Amino acid sequence: MTSPRPAAAPPHDSWDAMLPGPPSRSNFGSADLSPSGLLAFASGCSISVVDSRSMQLVSTVPMPPPTSNSSSSSSSSSLSPFVTSVRWTPLPLRRDLLSTEPSTSHLLLAAADRQGRIALVDLRLRSPVLWLESDPVRLGIQDLCWVQARSDSYLLAAIAGPSSLSLYNTSTGRCFWKYDAGPEFLSCIRRDPFDSRHFCVIGLKGFLLSVKVLGETENDVVIKELQIRTDCAELLKLERDAANGGSSSSSSSSSSSSSSSPASAVFPLYATKFSFSPRWKHILFVTFPKELVVFDLRYETVLFSAALPRGCGKFLDVLPDPNNEFLYCAHLDGKLSTWRRKGGEQVHTMCSMEELMPSLGTSVPSPSVLAAIICQSDSPLQTVGRLYSDIPNSPLPDEDFNSPFDFYDEPLLISKTHMISISDDGKIWSWLLTTEGDEDTQKEEINVGTVADPSEIPVSDTNTNGTNSSREGLAMEAGKEREHATGGRSSRAKSTSKQADMSFKISLVGQLQLLSSQVTMLAVPSPSLTATVARGGNHSAVAVPLVALGTQSGTIDVVDVSANAVAASLSVHNGMVRGLRWLGNSRVVSFSYTQVNEKSGGFINRLVVTCLRSGLNRPFRVLQKPERTPIRALRSSSSGRYLLILFRDAPVEVWAMTKSPIMLRSLALPFTVLEWTLPTVPRPGRSGSARPKESPSGDADGASSTDSKTSDASQDETSESFAFALVNGALGVFEVQGRRIRDFRPKWPSSSFVSSDGVITAMAYRLPHVVMGDRSGNIRWWDVTTGHSSSFNTHREGIRRIKFSPVVPGDRSRGRIAVLFNDNTFSIFDLDSPDPMANSLLQPQFPGTLVLELDWVPLRTDKNDPLVLCITGADSSFRLLEVNVIDKKPGYTSQLRSTKERFRPMPICSPILLPTPHALALRMILQLGVRPSWFNTCSTTVEKRPHLIPGTPKSSGDLRNYMIDLPSIGDPVVPELLLKILEPYRKEGCLLDDERAKLYAKLVNKGCTVRFAFAAAVYGESLEALFWLQLSRALNHLMRKLVNRPQQKPAESAADSELDDRSILSRITSKGKSVSGTGKRDPLSQGNFSLMAFEQEELWANANERIPWHEKLEGEEDVQNRVHELVSVGNLEAAVSLLLSTNPESTFFYVNALRAVALSSAVSSSLLELAVKVVAANMVQTDRSLSGTHLLCAVGRYQEACSQLQDAGCWTDAATLAATHLKGTDYARVLLRWADHVHHSEHNLWRALILYVAAGALQEALAALREAQQPDTAAMFILACREIHSEIISDLGHSDDESSSSTKEKLLKLPGLDPENEDVIAVGEYFGEYQRKLVHLCMDSLPHSD
């Protein structure tokens, strides 16, 4: 193995302005959505990052090419391989500013490719920062997964080749553990949301590997091998076909390549994926190509399986809804099926079938869906919005349908889920999945968290597998119907499936178009001053920041280089675009051809003029019969009036490109190259020596100055010229004026100028210079007005393209050219310099790709503006490079540097992309509370924004007036300083988008915990958001425990007083307290909140709901698990009945009988006789460790039973047992030990904190935050606890009875968080120091977002 190497920073960062090519199946559908809403996906050999909210491209990071060990490496070895897997780091925004410098570790991305390389890429630097050690065999990477081994670091798990699994230390890059699952093909790897140390890997044949990482050494990895039975007949056939594929001479090589290739490379259309349930621990949802399976890891068995519904393509992926009991399954044919869980069971029925690839407006064949992802970042924000957006008299306008956080204005809406799909035509689709039902259904969904029984819903044509072949309202054939919403809302596509009380809809709410296919042609507009706007009038056309790209699929993509985005994608041809030219600045002409018959050799040439303003295609030169030769190239004049059509072996045709193009004449000369003159430099106020002379025949550019001044000049009086070279090396210049074509009669160079050793292959013409390149690498140029000429040899291969750089008045040099060679490299020369080779800017190889086409973008208006070069690569990418010329006394030098994006149609509101100090500043402002009007921008775009928050921002004066309330902890001056620092972002409106700003306006006065939860959710820290939302319930639980503490004198009056205290406190502090059974449950205990469960009713209810899932399991191990579940929830009668039903032949008979007798003694004395017989039996085999806990439960020793369960690692079971039987301090003791385990072993800080609070260990919670080096969160924790505590005390103060006053005396002090406490004082001082350090770092950082 090679040692890991840190990635050296590139000498010049040239990647900022880059558009990636479309993703393909060679990228394995790799995509990942960060918790903060950044979508990363592989496209070719690059990684693209998109803001999922505004659907704008943030950045594209190409993977560098592999380093070659051999000196004589081929050109192909320097190409970058396909990226096959990307994964965002789970590390949050680091806040330990006082111990380390600001870090961008939260923007790290793990990326891997087909050659087995794995890199950690820093999005801020746009380059790899660490390469993990790679295997010499270079097995392609199938999938990646981050796994937590310590509280402050993550490991990286990778599937390499068909069956190899490796674990890497991301600090050193070393691989410390390997596992080979051969002959299985490993397909997918995912991390457990309930335990970040645990992950699973699944294979195509159902092999399931469960791995728990306890440390960073080989001995710390614990694995368990499982098997999910599935039908593998199709896979075995595909394996045989892959092994026998190819000819006899290449069969061995093909079989060897398939044996070392990842599963997605060998079987691209055979996908096996799985996902952990976000709600139920140990539950996996698995999709095989033709089967959906629910698997229980604890029981190691299948709970449910459903065959692929009829009429659907194979399963591609399974996506569980983060908030509801829904499953979304993507299919290979571009459909999306929605599955709904039956209440009380792990049984799922399909409810709807939608189209992810609308049939309207797509090409034939339809593009393929490569990946679909559920946006998890919206889940905590939706929860906050659902719980706290109940303002009755809100001054805010009605909400837009597209807002995923607005619930109160749509009473029939049950859920909203944001999903993104990626197709292989370069489109990123943003969908909103909504579920609507009647009022009763909505209450049941939100309050109970379970859905109605699907068996009560009439479904037409249901087969035995629970699938539907046709459903009313799906309208799959008709595509998506359009619904026009009222009230100024935009129309949306909608497909509805109604099932009595619930309907499912999918709406397209956004789309991003990237390059649609492999780029074949590049065209840059260079209109001369004779070009006219809209093909009429005498106003000169301006240069537009557009570049047209022809693609292999027949589309023309128009790129706006100022925004680094695709402005339009026009479907023009059915085949590859083989030629593309601009006609002025608003039309393009393109051609393609198809061969009619290989024997006869006839060709059908298709020429089309496309208007970019209207999108209309107008074919011309339409012939009835095929032609003998195909078109070779197109050459359009800079004015767009004339077009030359070059054929392979036929005369050149000259066309006048009027509204109806007219052929002027044909030229029967053996041309090799032919180029029109480019626009000359606009004339300065006074004539300069470098100004070119007017041609005697009135060249187009020579006449351009008079044309712009003389409005009544006829267009036919202008002329344009083109230079050409013949097969014999002869040169010439022709002039076209109206319908006449004549010899330009230039002044010829000396006879020695014409070379006989190389055919001219490239030419560029800008009056008065003609520059030529031949297949020997020679460059010659000639002044057509003076006859002066010169030449030099580049010592390179043949020359393919020569492009003059644009010039503006005042340019010192007008002879700068870019030269593209046949080996796909390019160089930049200055022909005005004494020695062009010595002063050239050489670019021997564009890193990672081959340059196919290049041209200059003519956007310069001043001599100090940089030159911009656009390049298309073999990886289908489009890149912009700036070439800066630095004038020096002896000469000049040029250097490449990245071009910055200068325009965005709307700001990217992603706080995670801000510089780290500024991101932390905004987070603190959101936490402390700022008036919503502060988010109103002062820029000129304020009137264009659809949602305005009441209030006018003022950039002057005391900015502290914007703060809701200055905190009692920390430095009171800091908030004003932070507001000043964030002012540039606020003016540009790139802090929060409208929906989140409006949501914040509703929440800002709801208390500090809600603001803290909102800030955490905005930055993608969902567990922290859940912690803040649960903190109030945990403190209420603690307060109830303090009230219910047993008195020293158990008098009846004291007991009555305790009962009164408990009822008063429950009435005041409990908001919808959970009750056991089937009644309504607190919404704060549903969905993702089950991760933070701590109350006895919650733990008992969650455990009780799982019991019916396993009633039909009869295996011996299954029976042991079922007994354990029944004992945990206190159902001893059912446990005894199950134990006594054990077969006498079973090896578990005696053990079960003994436990049955012991448990039955706690129920009745009817089984004592049986106990004597059982005890007398000879027990030979040892029992499971869990059996001892059952005996302890039988004698009422629940505290010891919980300790035994915790020692055995059954932490949730111990908590469930304690919730069933223990109260007060005994229950708190179990929670406290559980919290220590979650904190120190599972490294889940936020879950541990909620358990600490529920156990009454507030000081331990504070110590955990300080240990995690989060001074701001520690201070906010104290503020939140004090606010909640004061609310409880004030509510008690409203009552005058004696019971409430006695309760108030008990709760007057918050244990562990007194203001006089040394730890509390230290946290306040540390927070103040943190604030001051943050202000200094913010002032040192320049404001920028992306």
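Keep in mind that the numbers below use all heavy atoms, side chains included, and drop hydrogens, waters and symmetry copies. For clarity, every value in this text was computed on a predicted model and none was experimentally measured.
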Practice problem: Working to the nearest 0.5 Å, report the span between NE2 of H418 and OG1 of T434. | Solution: 13.0 Å
Quiz item: Does the side chain of N27 pick up a donor-acceptor pair with the side chain of S30 at under 3.5 Å?
Solution: no
Quiz item: For the residue pair F1027 and W1246, does the interplanar ring angle fall in the parallel (under 30°), tilted (30 to 60°) or perpendicular (over 60°) class?
Solution: tilted
Quiz item: Of the non-hydrogen atoms in C200 and L297, which two are nearest, and what is the gap between them?
Solution: SG-CD1, 3.9 Å
Practice problem: Check whether any side-chain heavy atom of V201 sits under 4.5 Å from a side-chain heavy atom of I159, and report yes or no. | Solution: yes
Quiz prompt | Main-chain N/O of S196 paired to R191 side chain as donor or acceptor, under 3.5 Å | solution = no
Practice problem: Could you check F315 against F288 for ring pair (Phe, Tyr, Trp, His ring centres under 6.0 Å), going step by step and ending with a plain yes or no? | Solution: CA-CA 7 Å; F315 286 115; F288 297 100; 9.8 Å; no
Self-check item: Point-to-point distance, once rounded to the nearest 0.5 Å, from CG of L319 to CG of L327
Solution: 9.0 Å
Quiz prompt | Shortest non-hydrogen contact between S423 and M357, atoms and distance | solution = CB-CE, 3.3 Å
Quiz item: Any sub-3.5 Å donor-acceptor pair from D32's side-chain atoms to W88's backbone N or O?
Solution: yes
Quiz item: Any side-chain heavy atom of I428 within less than 4.5 Å of one from I420?
Solution: yes
Practice problem: Could you tell me whether the side chains of T349 and W339 share a donor-acceptor contact shorter than 3.5 Å? | Solution: no
Quiz item: Is there a side-chain contact between E1024 and Y1019, using heavy atoms and a 4.5 Å cut-off?
Solution: no
Self-check item: N/O donor-acceptor pair under 3.5 Å between S187 side chain and T272 backbone
Solution: yes
Practice problem: Take the angle between the ring planes of F504 and F326 and call it parallel below 30°, perpendicular above 60°, tilted in between. | Solution: perpendicular
Exercise. Please step through side-chain contact (heavy atoms from CB on, under 4.5 Å) for the pair E1125 and Y299, ending with a clear verdict.
Key: CA-CA 11 Å; E1125 283 184 341; Y299 278 77; 3.1 Å; yes
Practice problem: Take L303 and I283 through the test side-chain contact (heavy atoms from CB on, under 4.5 Å) and record every step on the way to the result. | Solution: CA-CA 9 Å; L303 299 181; I283 297 297; 3.8 Å; yes
Quiz prompt | Q511 CD to W429 CH2 distance, which is reported to the nearest 0.5 Å | solution = 4.5 Å
Quiz item: Is there a side-chain contact between I374 and L33 (heavy atoms, below 4.5 Å)?
Solution: no
Quiz item: Should the pair D333-K335 be classified as a salt bridge under the 4.0 Å nitrogen-to-oxygen rule?
Solution: yes
Quiz item: Does any N or O in the side chain of S507 come within less than 3.5 Å of the main-chain N or O of V509, such that one atom is a donor and the other an acceptor?
Solution: no
Quiz item: Hey, mind stepping through V302 and D296 against side-chain contact (heavy atoms from CB on, under 4.5 Å) and telling me if it holds?
Solution: CA-CA 6 Å; V302 174; D296 193 319; over 6 Å; no
Quiz item: Does any donor atom in the side chain of T84 or Q142 lie under 3.5 Å from an acceptor atom in the other side chain?
Solution: no
Quiz item: From L316 CG over to L370 CG, what is the distance, rounded to the nearest 0.5 angstrom?
Solution: 8.0 Å
Quiz item: Under 3.5 Å, is there a donor-acceptor pair between the side chain of R341 and the main chain of E345?
Solution: yes
Quiz prompt | Heavy-atom donor-acceptor pair, D143 side chain to C188 backbone, under 3.5 Å | solution = no
Self-check item: L512 to Q56 - nearest heavy-atom pair and separation
Solution: CD2-C, 4.3 Å
Quiz item: Considering only heavy atoms from C-beta outward, does the side chain of F276 approach that of L284 to under 4.5 Å?
Solution: yes
Quiz item: For P268, does its backbone N or O pair with a side-chain atom of S264 as donor and acceptor, under 3.5 Å?
Solution: no
Quiz item: Under 3.5 Å, is there a donor-acceptor pair between the side chain of E234 and the main chain of Y270?
Solution: no
Quiz item: Given the rule in the ring pair (Phe, Tyr, Trp, His ring centres under 6.0 Å) test, do F295 and F285 qualify, once you have shown the distances and angles that lead to the verdict?
Solution: CA-CA 6 Å; F295 188 79; F285 302 117; over 10 Å; no
Exercise. Please determine if E325 and R279 form a salt bridge, counting it only when a charged side-chain N lies under 4.0 Å from a carboxylate O.
Key: yes
Quiz item: Is there side-chain contact between E995 and R53, with heavy atoms separated by less than 4.5 Å?
Solution: yes
Practice problem: Would you give the length of the straight line joining atom CG of L57 to atom CE of M55, rounded to the nearest 0.5 angstrom? | Solution: 10.5 Å
Quiz item: Considering all heavy atoms of both residues, which atom of P320 and which atom of P278 are nearest to each other, and what is their separation?
Solution: CB-CD, 3.7 Å
Practice problem: Could you tell me which non-hydrogen atom of M502 sits nearest to which non-hydrogen atom of I414, and how far apart they are? | Solution: CE-CD1, 4.1 Å
Self-check item: Donor on one side chain, acceptor on other, S421 and W431, under 3.5 Å
Solution: yes
Exercise. Please report the C-alpha distance between F267 and L204 in whole Å, then the side-chain angles of each, then the deciding distance to 0.1 Å, and finally whether the side-chain contact (heavy atoms from CB on, under 4.5 Å) criterion is met.
Key: CA-CA 10 Å; F267 312 110; L204 296 181; 3.6 Å; yes
Self-check item: F274 side chain reached by R190 side chain, heavy atoms, under 4.5 Å
Solution: yes
Quiz prompt | Test side chain to side chain donor-acceptor pair (under 3.5 Å) applied to Y328 and D317, D321, T338, the passing residue | solution = D321
Quiz prompt | Approximate separation, where rounding is to 0.5 Å, of C909 SG and D993 CG | solution = 5.5 Å
Quiz prompt | Donor-acceptor under 3.5 Å (T435 side chain, S415 main chain) | solution = no
Exercise. Please tell me if the side chains of S516 and K427 come closer than 4.5 Å, counting only heavy atoms from C-beta onward.
Key: no
Self-check item: Heavy-atom closest pair, residues I422 and A31
Solution: CD1-CB, 3.8 Å
